[in-house]
Structure formats: C-alpha cells, structure tokens
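First comes the structure, then the notes that go with it.
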Amino acid sequence: MNSKDYTQEQLKIWAPENIDEKSWHLSLLSHYTLVAIDKEKIVGFVDLDENYVDRLYVAKDYQRQKIATRLMDKIENHAKKQGQISLYSHVSITAKKFFLDRGYIVNKEQYVKKQNILFKNYIMEKFL
C-alpha cells in the first residue's frame, strides 16, 4: 500500500531486506507491544513507548480487515489505564487517513532524512 505514496528508493531505505533483528527485538521488548496472529503467522503489530505509538504494521494481505483498528483500540485503552492523556506518532502519508479517522490531529507536517533521502510524514496526536 505504501508504494503509491513513496518511491521504490524510499521503500528500500525505509524497509530494508536486511534488518538488525536484535535491535528490533530489544526495542519491541522495551515497549508495550501487541501482535496480531492468524494461524501462527504474525499479520500485524503495534508498539507503544509511554505515549508514543512507535510502529503500527499490518501485512499487505491482511489490510482492510480491521486488524489495525483492533490493535489501536487496545493500545489506546492501555494508554488510558496507564494515565496517559494523549498519544502521538510520526505517521506516514499512507496511514494519515487511518489516524485522522481515529480522531488524531496533525500537529506538524515534516520531512525526515534517512540515508540522505527525504521522507514526508506527519506528527499526529490524539487526546484520550
């Protein structure tokens, strides 16, 4: 789905084939992380670092099945129970509408540089 909003060069940088699995594993373990599983296959996940929604992902073959909605519902409920008054995230062009539909507002449009390539995204926030 991101391929309509980002170039192939951007996609290769943002989601490289070779990732630092140890770093990802440690990051996910240090955050409040939820995983969606279908028949023993991970089909989506979301993680929360205090009041920052760090990553939200749903596999392409599982999109438009309310998986992201259910994951975000659980993250937002967890944040409320933890006493958070708002959540924020750096949201891709592709995910912007999803977050807007959930009541998030755009605080800032920004360009982030990764490996000398600019990526447009949005800092979005929702008051719980």
Open item on the list: Do Met72 and Phe98 have side chains that approach each other closer than 4.5 Å (heavy atoms only, starting at C-beta)?
Closed with: yes
TODO: Examine Phe45 and Ile19 and state if one hydrophobic cluster contains both, with Ile, Leu, Val, Met, Phe, Trp and Tyr joined whenever side-chain heavy atoms are less than 4.5 Å apart.
DONE: yes
Task: Common cluster, Val43/Val58, ILVMFWY with side-chain heavy-atom separation under 4.5 Å - done: yes
Task: Partner set under salt bridge (Lys or Arg N to Asp or Glu O under 4.0 Å) for Glu125, not counting sequence neighbours - done: none
Task: Distance in Å, Gln10 CD paired with Lys114 NZ, rounded so as to fall on 0.5 Å steps - done: 12.0 Å
Open item on the list: Within the structure provided, determine whether Met124 and Leu100 are in side-chain contact (heavy-atom separation under 4.5 Å).
Closed with: yes
Task: Any Lys74 side-chain heavy atom under 4.5 Å of Val46 side chain - done: no
Task: Cluster check Val91, Ile123: I/L/V/M/F/W/Y, side chain < 4.5 angstrom - done: no
Open item on the list: Asp73: which residues meet the salt bridge (Lys or Arg N to Asp or Glu O under 4.0 Å) condition with it, sequence neighbours left out?
Closed with: Arg102
Task: Side-chain donor-acceptor contact under 3.5 Å, Asn107 with Tyr88 - done: no
TODO: Output yes when a side-chain donor or acceptor of Asp49 lies under 3.5 Å from a complementary backbone atom of His31, and no otherwise.
DONE: no
TODO: Determine whether more than 12 heavy atoms belonging to other residues, nucleotides or ligands lie under 6.0 Å from atom CG of Leu29.
DONE: yes
Open item on the list: Using a 6.0 Å cut-off, check whether atom CD of Glu50 has over 12 heavy atoms from anything other than its own residue.
Closed with: no
Task: Residue Leu128 excluded, over 12 heavy atoms near CG under 6.0 Å - done: yes
Task: Which atom of Ser86 lies closest to which atom of Asn51, heavy atoms considered - done: O-CB, 3.2 Å
Task: Sub-4.5 Å side-chain heavy-atom contact between Lys96 and Val106 - done: yes
TODO: Grab the two heavy atoms, one from Val53 and one from Ser89, that are nearest each other, plus how far apart they are.
DONE: O-OG, 2.7 Å
- [ ] Side-chain contact test, heavy atoms from C-beta onward, threshold under 4.5 Å: evaluate it for Tyr104 versus Leu87 and give yes or no.
- [x] yes
Task: Nearest-0.5 Å distance, OH of residue Tyr122 to CD of residue Gln110 - done: 10.5 Å
- [ ] Mind checking the CD-CZ spacing from Gln65 to Arg70? Nearest 0.5 Å is all I need.
- [x] 8.0 Å
Task: Hphob cluster co-occupancy, Tyr57 + Phe99, side-chain heavy atoms under 4.5 angstrom - done: no
- [ ] Decide yes or no for Trp24 and Arg55: does some side-chain heavy atom of the first lie under 4.5 Å from some side-chain heavy atom of the second?
- [x] yes
TODO: Return yes when atom NZ of Lys97 has more than 12 non-hydrogen atoms of other residues, nucleotides or ligands closer than 6.0 Å, and no otherwise.
DONE: no
TODO: Report yes if the side chains of Asp38 and Ile67 come closer than 4.5 Å at any heavy-atom pair, otherwise no.
DONE: no
Task: Heavy-atom pair with the smallest gap, counting every atom of Ala79 and Leu48 - done: CB-CD2, 4.1 Å
TODO: Consider only side-chain heavy atoms of I, L, V, M, F, W and Y, link residues closer than 4.5 Å, and tell whether Tyr32 and Leu28 are in one cluster.
DONE: no
Task: Distance, nearest 0.5 Å, that separates CD1 of Ile85 from NZ of Lys80 - done: 13.5 Å
Open item on the list: Once rounded to the nearest 0.5 Å, what's the spacing between atom NE2 of His25 and atom OG of Ser30?
Closed with: 10.5 Å
Task: Atom pair CG/NZ of Asn121 and Lys108 - distance to nearest 0.5 Å - done: 9.5 Å
